[in-house]
*Asks:* 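I'd like to ask some things about the structure below.
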Protein chains: 4
Amino acid sequence: MHDVDGMARHPAPDTWRGAAAAMVLLTFDVDAESPILAAGDEYAGHLSTMSHQAYGPRVGLARILDLLRRRDMPATFFFPGIVAERWPDAVVAVLAAGHEVGLHGYTHRSPTMLSDDEQRLELERGLEALRRAGASPVGYRAPMWSTTALTLRALPALGIRYDSSLFDDDRPYLLETGSGRVAELPVHWSLDDWEQYMYIPAPDLGHTIKRPSEVAGLWTEELDGMRSTGSLCVLTCHPFLSGRPGRLRAIERFIDFADECGDVVFARADHLAASLLADDGATGSEDERGA
Amino acid sequence: MHDVDGMARHPAPDTWRGAAAAMVLLTFDVDAESPILAAGDEYAGHLSTMSHQAYGPRVGLARILDLLRRRDMPATFFFPGIVAERWPDAVVAVLAAGHEVGLHGYTHRSPTMLSDDEQRLELERGLEALRRAGASPVGYRAPMWSTTALTLRALPALGIRYDSSLFDDDRPYLLETGSGRVAELPVHWSLDDWEQYMYIPAPDLGHTIKRPSEVAGLWTEELDGMRSTGSLCVLTCHPFLSGRPGRLRAIERFIDFADECGDVVFARADHLAASLLADDGATGSEDERGA
Amino acid sequence: MHDVDGMARHPAPDTWRGAAAAMVLLTFDVDAESPILAAGDEYAGHLSTMSHQAYGPRVGLARILDLLRRRDMPATFFFPGIVAERWPDAVVAVLAAGHEVGLHGYTHRSPTMLSDDEQRLELERGLEALRRAGASPVGYRAPMWSTTALTLRALPALGIRYDSSLFDDDRPYLLETGSGRVAELPVHWSLDDWEQYMYIPAPDLGHTIKRPSEVAGLWTEELDGMRSTGSLCVLTCHPFLSGRPGRLRAIERFIDFADECGDVVFARADHLAASLLADDGATGSEDERGA
Amino acid sequence: MHDVDGMARHPAPDTWRGAAAAMVLLTFDVDAESPILAAGDEYAGHLSTMSHQAYGPRVGLARILDLLRRRDMPATFFFPGIVAERWPDAVVAVLAAGHEVGLHGYTHRSPTMLSDDEQRLELERGLEALRRAGASPVGYRAPMWSTTALTLRALPALGIRYDSSLFDDDRPYLLETGSGRVAELPVHWSLDDWEQYMYIPAPDLGHTIKRPSEVAGLWTEELDGMRSTGSLCVLTCHPFLSGRPGRLRAIERFIDFADECGDVVFARADHLAASLLADDGATGSEDERGA
């Protein structure tokens, strides 16, 4: 297989999704104010914009946890370190509800914008902050889904078993970073809520507001296609965006659609990664809901 | 509760919306030419763009007042001071129709772009202009929904009882500004018409034109979700945008939808704020329409 | 009535649309390559982009004329002078089909970007070019709908009887320019095809491509609303955009919708303007189609 | 006919599409990482963005080839030279499936941004790379659909028989470049997937993500209109965008719609061009599918 970045990729064994036609990972990036602060210190005083982001840990997260509880869904929440520091109760609540906490950097700055040392510091400080809040992350997702070779190669030594920041497949694979193997759980912009909902006048992070029912349609069309291609559907939502009342319904519609398909399973990212790394995809095939 | 801006927030008592599932505030920002003039003096000579904004007080406002009269709806209209000076009849018409007039700054410049003194002047001059036009504002909304701690703290001494410029909840709350308590009636970009309709080539204030029926769908999906979360739905429209014939229908569809729900009440912002500050949400629970 | 630009506005007499609920003007801006050339000389060598614009006079215009002939519709075509020079046959074809030709400047540069002398030259050279091509314009529309007081005041002395570049009403009115009275036939971005269809990578003139059926829906929702407000619906299309096969259908759907309403009439802009200036709106009330 | 670029255009003989109402060319631009690398060397280290583009040759292309095989559809794939060098197996796979390989420059830089010498080098190196990979291109499409007179005039001497980079018709025609005649198979932004699906945060190449069913609707509305105008529908998709599961369905819907029309034929670009240059459109009229 072609290795444009010098890292070999090994397809996951065919058993990774068991008998299911497709697998869904429900993932949430709990960014809160971090993307605003990363855009410039001056925004810390923009109270309205900061409050727009604080809606996530203050209101949206609890609603999402409630939805997951009602539907008995496993999920993975990626936190930047500073969010764990600013909103430690959010990490506690996610863990208490039985979900996974993954690492999303420290300040939510893209690795591609940072020096080598800064990239390493982002990972180390982020991990420290999450551990102080009670989490033990084994998964990483780069802020803005903008990773580099250096950041990928730093993951294994930090105990990170999987990455979720690349786009070059819609099925999981094993990535030889050069300093150890990680599982890759690939993502896509069309399965994210940011591009559909994010609007703030400044900083320049988005200017679109779509109807939730349209967004649910975008996601379900992709999942429906994935049932034909045997793919992994990594849905990514942000509590400050998708925690709003009308948008919770879009997540619920997506779950309803998957259920009605009858051949789609849900999993937690760390469980899927563990099964892939054990060279045995079998455990990934079971729907992790209680029912 | 976490206070990222150093201001304590107290949830409104559970009684704030009475037995209703959700409450709607119909609010209108009568910006007229102010956002254009705030973008640069040179635009004063751009007659077409200026006329685009003048459509609000010249044509759109009367249509909105007529719609509210036909549907017997209470509403709140926020005016920048210079609009009250340029179009004093608009303030008179709103008051004569029995609606509330709130403060929307003086020149429609964002507090976040201004010095401390300029922020104070915006509030004082804005209030003076509105009072000269016959209004007695007790509510404030920051231009561009971009407030600062200084502006919030200046409100109580000016007799302002509530603010409507923050995004960190979808239920009303009480905010300790440090110089007095105000009620906060939070807003959101998805319940605004600007992001859906605003198009002018210059200055750079918007480049989107959606179908009114789609916009009505966006708003009703959010209100429908809010019936499950017991929320406050602060709809914000601009007479220069939503006063156009096809767009009036979107507001009417939204009202129809709320009515059909049977469990949604409408209120005026000042009345809701008063009931919250009286530590008694009961009066907010009644639908303020005559019927 | 408030005169923010120092020009008095007189509402049209109530008779302007006769017994009809609303009136439609079908107008077309035959811009061809002019907006590209106005953006910079270097674009003259961008053959693909130039060909994108040439589609209008080369292909789209004839299709639109054919559609109008089939539906027996009167229409008004605004030409920049240089388009009449580059594509004289286009002016001839429009006139031969019995439609009106109006003035759209000379180089399609916005009056707001020009000195006083340049503004005057644009009008004079534009008129000369159109007259050389056989037209006798009595109406003017500013390029980019961006007019100034100087340009408006220059119109009467040039024999121009009406302008169609302002946005502050959706009913026609009479405008005292200070150097003579003109009829104003106001426009709006939501009744234009540019904001819905225009996409070219450079120069920066648009980045959106909507479905024609959605665009037809946008226009018909506005027209439907206008039947309640007794308004003038000035539809504005560009042959290089709306002359394409799928988009011709959007214009046809719009016409179909108006016909099905049964209370909407169509007129030519010059005829409406003449009836307004004669202080007698009666003649504008008749549907100008043969049937 | 008017020759704004000094090149005469001759309409194709009426027989070009035979008895069909419209003809479809399914074309694919296999850009992979080339537009990212063309935007700046620094992006080579942006692994996530590079992987977004690598999805095309790594995953999407095989899915598209499978779809074409299932539907027995002829197609044309345009490759930049560096993509043939980075992903030689992609060229081999396209040829093995019986499809055409055309030239799409070398580095995917727009000819309009290059010096004369650079434009010539782009063509020569691109051809060399494609030939080394086993292809014998007779067709050319300019990167970003941004061609120049120099590039067009260089085509005949390189053995290129047709171009597909201009927009000034929706029917094929013959173009006198000044150094030989080529067939022109014109394109349009509304029949491309890039403007509907392309989203990456940086470089600045797109910020939109539409629902596949909406995109299918956009394309079929245009094709439906083209049945009335007797046009050539050049659909252009990118494997890194349209190779995703949900989007493959949009291509399939488009094919289904064309089939249901019963009067639409499919062809390969080189076959259509050959028939046009033979001054005999007859062979283009047959549907090239086996059935």
Side-chain angles (χ1 to χ4, degrees), chain B residues 32-33 36-37 42-60 62-63 66-67 70 82-83 85-90 196-204 206-216 240-253, chain C residues 1-7 9 22 110-113 141-142 144-152 163 165-171 173 175 184 186-192 194-196 204-208 210 214-231 233:
Chain B
E33 304 96 337
I36 306 300
L37 295 171
E42 68 274 27
Y43 293 112
H46 288 215
L47 253 62
S48 295
T49 301
M50 291 289 279
S51 74
H52 181 263
Q53 304 300 119
Y55 180 91
R58 204 188 281 286
V59 177
R63 298 227 181 109
D66 181 60
L67 168 60
R70 283 188 284 112
I82 64 161
V83 175
E85 290 172 354
R86 293 172 70 96
W87 302 92
D89 293 352
Q196 306 301 318
Y197 291 144
M198 180 59 163
Y199 179 94
I200 52 171
D204 186 12
H207 297 283
T208 300
I209 299 177
K210 296 275 181 64
R211 278 176 79 160
S213 57
E214 283 297 307
V215 176
F240 78 90
L241 293 169
S242 282
R244 290 198 60 87
R247 295 169 180 172
L248 287 164
R249 299 276 176 92
I251 298 177
E252 200 155 12
R253 278 192 202 205
Chain C
M1 181 163 271
H2 222 91
D3 301 331
V4 290
D5 46 22
M7 297 182 188
R9 284 149 169 84
S110 301
T112 51
M113 312 300 279
R141 173 173 284 170
M144 311 304 289
W145 287 341
S146 292
T147 200
T148 65
L150 184 140
T151 284
L152 279 174
D163 172 71
S165 317
L166 297 179
F167 297 75
D168 51 3
D169 208 332
D170 46 45
R171 293 152 304 187
Y173 61 80
L175 182 70
E184 176 62 37
V187 294
H188 195 253
W189 301 113
S190 68
L191 290 168
D192 188 21
W194 187 293
E195 293 67 37
Q196 306 301 319
D204 185 12
L205 293 171
H207 297 284
T208 301
K210 296 273 181 65
E214 283 296 308
V215 176
L218 174 73
W219 296 337
T220 56
E221 288 185 20
E222 183 70 355
L223 175 56
D224 197 33
M226 285 178 150
R227 294 166 64 214
S228 299
T229 51
S231 299
C233 182

*Asks:* Parallel, tilted or perpendicular, judged at 30° and 60°: which one describes the rings of C:F167 and B:H52?
*Replies:* perpendicular
*Asks:* Heavy-atom distance under 4.5 Å to chain B: side chain of C:L205, backbone, both or neither?
*Replies:* neither
*Asks:* Roughly how far, to the nearest 0.5 Å, is the OG1 atom of C:T229 from the CG atom of B:L248?
*Replies:* 7.5 Å
*Asks:* Does any heavy atom of chain C fall under 4.5 Å from the side chain of B:R247, the backbone, both, or neither of them?
*Replies:* both
*Asks:* What residue in B:G243, B:P201, B:G246 has the most heavy-atom pairs under 4.5 Å with chain C?
*Replies:* B:G246
*Asks:* Quick one: are C:H207 and B:H207 in side-chain contact, heavy atoms under 4.5 Å?
*Replies:* no
*Asks:* So what's closer than 4.5 Å to chain B heavy atoms on C:L152: side chain, backbone, both or neither?
*Replies:* side chain
*Asks:* I'd like to verify something: which residue of B:S51, B:A44, B:G45 has the highest number of heavy-atom pairs under 4.5 Å with chain C?
*Replies:* B:S51
*Asks:* Nearest heavy-atom pair of C:W189 and B:I200: which atoms, and what distance?
*Replies:* NE1-CG2, 4.1 Å
*Asks:* Between the side chains of B:R249 and C:E221, is the shortest nitrogen-to-carboxylate-oxygen separation below 4.0 Å, so that they form an ion pair?
*Replies:* no
*Asks:* When rounded to the nearest 0.5 angstrom, what distance separates OG1 in C:T208 from OH in B:Y199?
*Replies:* 8.5 Å
*Asks:* Applying the side-chain contact (heavy atoms from CB on, under 4.5 Å) test to B:H46, which of C:T148, C:T147, C:T112 qualifies?
*Replies:* C:T112
*Asks:* Side chain, backbone, both or neither: which part of C:Q196 has an atom under 4.5 Å from a heavy atom of chain B?
*Replies:* side chain
*Asks:* Can you name the closest pair of heavy atoms from B:V59 and C:D170 and give their distance?
*Replies:* CG1-OD2, 4.4 Å
*Asks:* Quick one: what part of C:R171 sits under 4.5 Å from any heavy atom of chain B, side chain, backbone, both or neither?
*Replies:* side chain
*Asks:* Distance check, rounded to the nearest 0.5 Å: B:S48 atom OG versus C:R141 atom CZ?
*Replies:* 11.0 Å
*Asks:* Look up atom CZ in B:R244 and atom OG in C:S231, then write down how far apart they are to the nearest 0.5 Å.
*Replies:* 7.5 Å
